[in-house]
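Every number for a ligand or one of its atoms is a count from 1 in the order of the listing. Values in this document were obtained by computation on a predicted structure and should not be read as measured data.
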Amino acid sequence: MTPARNICLGCIADDYTGASDLANTLTRCGLRTVQTIGVPSDDLALPEVDAVVVSLKSRSIEAALAVSHARTAEKWMRGRGAAHVLFKICSTFDSTDAGNIGPVMDALRADSGDTIVLVTPAFPETGRTVYQGNLFVGSVPLNESPLKDHPLNPMHDSNLVRVLARQSKTKIGLADLAVIARGPDAVRARLDELSSKGFGAAVADAVFARDLETIGTVALDHRVSVGASGIGLGIARALVASGRVKPDATAISDAPVGGSAACLAGSCSQATLQQIAKAEQAMAVLHLDPEQIVAGKAEARRALDWAKARLAEGPVLIASSSAPDQVAALQARHGRDAAGHAIEQAMADIAEGLVGSGVRRLVVAGGETSGAVVDRLRIPGFLVGAEIAAGVPVLRAVGAKEGEMLLALKSGNFGGPEFFSDALKLMR
Ligand code: ADP
């Protein structure tokens, strides 16, 4: 079954935690939103919604495959009436020179017939700002931020005009802050000027929350845009302001689901490392041996036995996370992709075993890690509930074979020091 009425906004997210973050933002703006895992099958009963966020796991896969998945998602959304499609990327522009932001943007632009696409990962309220095309993470440029040490896509250039130009076939321009500050008509004029000179995309500066509203308003003149939750917020506000969406204050069910609770951490971000350290005071914590995970399945079995013995007493946390020097050493021994994949699959094995042992409330830290876990659990979609931390909602599973389940999928950098306890307080 598909939604009874047309959706106003279709979003394609390149990872699952990013999709939750966006779905959360849209929900807070009053859009009824469902997050699906992959393109929904026709027999998934979707509630009536304004926006659908299709979660892909395409950030780090081969570019041609990322393009093909995004096109399938776009076709599904256009078929449900979506006039605008947002390609949701990470607010730290996580990608490599081989893609996948540029190739997906190029394909969606070609399919939509748009001449130029607005691009911005800015989200000032979460410390992501773009000035003169340079992305800042808090007070430092992207290439000086912890993202320089990311296990899969280290970011060494903060200038997004340059970064995107290396990935895209089109010329990349800039709509700078001076233009954005002058409002929608000034931005429209700048885009017209750029597209008349053959530019197919423009990175938009945004330093203040109001800049997102300007960008969102102009984005809706077009059929495709690219950015993080910040542009999603701008677009959602523009949809509400223009009367195309009537905000809906009806909260989704918060009926308790019960069952055991567990947390899994595969992110090696500084925020997650700190959150794990804090969790030691609140729950039983097991640190996996990454070398043993790469060696075989025994480490995941050991973790599961450890958890099963403790679940009745309270929540547990199982973490593979290590500090950057240990991550680098493991990658040097086994290769970056092989190490990452082995650990993600071990986390999925553990998650499957935990759910098999009665866990119905599961918190996962790490974007790729969450993707591996949710895929293994074969959960088709989620409704967005209460917000645990900025960008991280409680997710209520839709169509899960185990019945009622609550999940929280956290991008590595997100959440305060007490994130794991904060999540479990809201997941009853
Ligand atoms: P984030 O949201 O912080 O980017 P991800 O889960 O997306 O987190 O990415 C973290 C990657 O690092 C995953 O591929 C994960 O399997 C891998 N990983 C986890 N623990 C380790 C470790 N100890 N050493 C090396 N890689 C690791």
Enquirer: Check each heavy atom of P290 against ligand 1 and say whether those closer than 4.0 Å belong to the side chain, the backbone, both or neither.
Expert: side chain
Enquirer: So is S322 polar-close to ligand 1, meaning N/O to N/O under 3.5 Å?
Expert: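 N/O-N/O distance under 3.5 Å: yes.
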Enquirer: Taking distance alone, no hydrogens or angles, what donor-acceptor pairs closer than 3.5 Å link side-chain atoms of residues 301-314 to residues at least two apart or in another chain?
Expert:
from, atom 1, to, atom 2, distance (Å)
R302, NE, E299, OE1, 3.0
R302, NH2, E299, OE2, 2.9
R310, NH1, W306, O, 2.9

Enquirer: Distance under 4.0 Å to a non-hydrogen atom of P151: what atoms of ligand 1 satisfy this?
Expert: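 Reading through ligand 1 atom by atom, the close ones are 12 (O).
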Enquirer: In ligand 1, which numbered atoms sit nearer than 4.0 Å to a non-hydrogen atom of G340?
Expert: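 Matching atoms, with element in brackets: 14 (O), 16 (O).
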Enquirer: Considering the heavy atoms of T369, write down every atom of ligand 1 situated less than 4.0 Å from one of them.
Expert: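 Close to T369: 6 (O).
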Enquirer: Which of the numbered atoms in ligand 1 are under 4.0 angstrom from any heavy atom belonging to G367?
Expert: 1 (P), 2 (O), 5 (P), 6 (O), 7 (O), 8 (O)
Enquirer: Please could you name the atoms of ligand 1 that E368 approaches to less than 4.0 Å, counting only its heavy atoms?
Expert: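 Selected atoms, number and element: 5 (P), 6 (O), 7 (O).
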Enquirer: To which protein heavy atom is atom 20 (N) of ligand 1 closest, and what is the distance rounded to 0.1 Å?
Expert: S320 OG, 2.9 Å
Enquirer: Got the closest protein heavy atom to atom 3 (O) of ligand 1, with its distance?
Expert: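 For this ligand atom, the closest protein heavy atom is S267 OG, 2.7 Å.
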Enquirer: Using a 4.0 Å cut-off to any heavy atom of L330, which atoms of ligand 1 qualify?
Expert: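 Close to L330: 24 (N), 25 (C).
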Enquirer: Looking at K57 and D375, is any side-chain nitrogen of the basic one under 4.0 Å from a carboxylate oxygen of the acidic one?
Expert: no
Enquirer: Please output the side-chain donor-acceptor pairs of residues 418-428 that fall under 3.5 Å, not counting sequence neighbours, one pair per line with the distance.
Expert:
none

Enquirer: Go through ligand 1 atom by atom and flag the ones less than 4.0 Å from a non-hydrogen atom of V327.
Expert: 24 (N), 25 (C)
Enquirer: How long is the gap from NZ on K88 to CG on D14, to the nearest 0.5 Å?
Expert: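 Between atom NZ of K88 and atom CG of D14 there are 6.5 Å.
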Enquirer: Heavy-atom pairs closer than 4.0 Å: do any link ligand 1 to the side chain of H150, the backbone, both, or neither?
Expert: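 Side chain only.
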Enquirer: Backbone or side chain, does any N or O of E344 fall under 3.5 Å from an N or O of ligand 1?
Expert: yes
Enquirer: Ligand 1 and G412, any nitrogen or oxygen pair closer than 3.5 angstrom?
Expert: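 Right, the criterion is met.
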Enquirer: To the nearest 0.1 Å, how far is atom 22 (C) of ligand 1 from its closest protein heavy atom, and which atom is that?
Expert: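 I find the closest protein heavy atom is I343 CD1, 3.7 Å.
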